[in-house]
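Take a look at the structure set out below.
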Amino acid sequence: MNLNQLAMIQKLKGCMDRFRLNHPKFPLFLNAVSQDALIEGAVVEITVTTPEGKNYCSNLKLKQEDLEFIECLKALRQS
């Protein structure tokens, strides 16, 4: 790992820490969902509403490969 990669990891950690401070309930929600709701076939839906009231919505049905990716992300978080 080179110095640029280490600097980016450090910056990412700082951004994650600020996000957790700004939105303390969201990590708790993610933790609860990851305990028993993220299973193959579950549908994840995301909706974004702009300040002007415009809505964007998308969803996906989780596959086994998605669950493996989520486990990789969890492992990164614990590192």
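Here salt bridge (charged side-chain N to carboxylate O under 4.0 Å, His left out) pairs that include residues 1-11, with residues two or more places apart or in two chains, number zero.
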Sequence neighbours left out, cut at 3.5 Å: what donor-acceptor pairs do the side chains of residues 12-20 make with other protein atoms?
| unit_1 | atom_1 | unit_2 | atom_2 | d |
| --- | --- | --- | --- | --- |
| Lys13 | NZ | Asp17 | OD2 | 2.9 |

I'd like a table of donor-acceptor pairs (distance under 3.5 Å, sequence neighbours excluded) in which one partner is a side-chain atom from residues 25-44, with atom names and distances.
| unit_1 | atom_1 | unit_2 | atom_2 | d |
| --- | --- | --- | --- | --- |
| Asn31 | OD1 | Gln35 | NE2 | 3.3 |
| Ser34 | OG | Leu30 | O | 3.3 |
| Ser34 | OG | Asn31 | O | 2.9 |

Please tabulate, for the side chains in residues 59-72, all donor-acceptor contacts under 3.5 angstrom to protein atoms that are two or more places apart in sequence or on a different chain.
| unit_1 | atom_1 | unit_2 | atom_2 | d |
| --- | --- | --- | --- | --- |
| Asp66 | OD2 | Lys63 | N | 2.7 |
| Glu71 | OE2 | Lys74 | NZ | 3.2 |

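Not counting sequence neighbours, the partners of Asn55 by the side-chain hydrogen bond (donor to acceptor under 3.5 Å, both in side chains) test are Thr49. For Thr50, the side-chain hydrogen bond (donor to acceptor under 3.5 Å, both in side chains) partners at least two apart in sequence or on another chain are Glu52. Taking the side-chain hydrogen bond (donor to acceptor under 3.5 Å, both in side chains) definition, one finds that Lys54 meets it with Tyr56, sequence neighbours left out. Take Gln5 and apply the side chain to side chain contact (heavy atoms under 4.5 Å, CB included) test, not counting sequence neighbours, and it matches Met1, Asn2. Residues passing the side chain to side chain contact (heavy atoms under 4.5 Å, CB included) test with Ser58, sequence neighbours excluded: none.
Heavy-atom contacts from other residues, nucleotides or ligands closer than 6.0 Å to CG of Leu3 number 12 or fewer.
When hydrophobic side chains of Ile, Leu, Val, Met, Phe, Trp and Tyr are connected at separations under 4.5 Å, Leu21 ends up as a singleton with no cluster partners.
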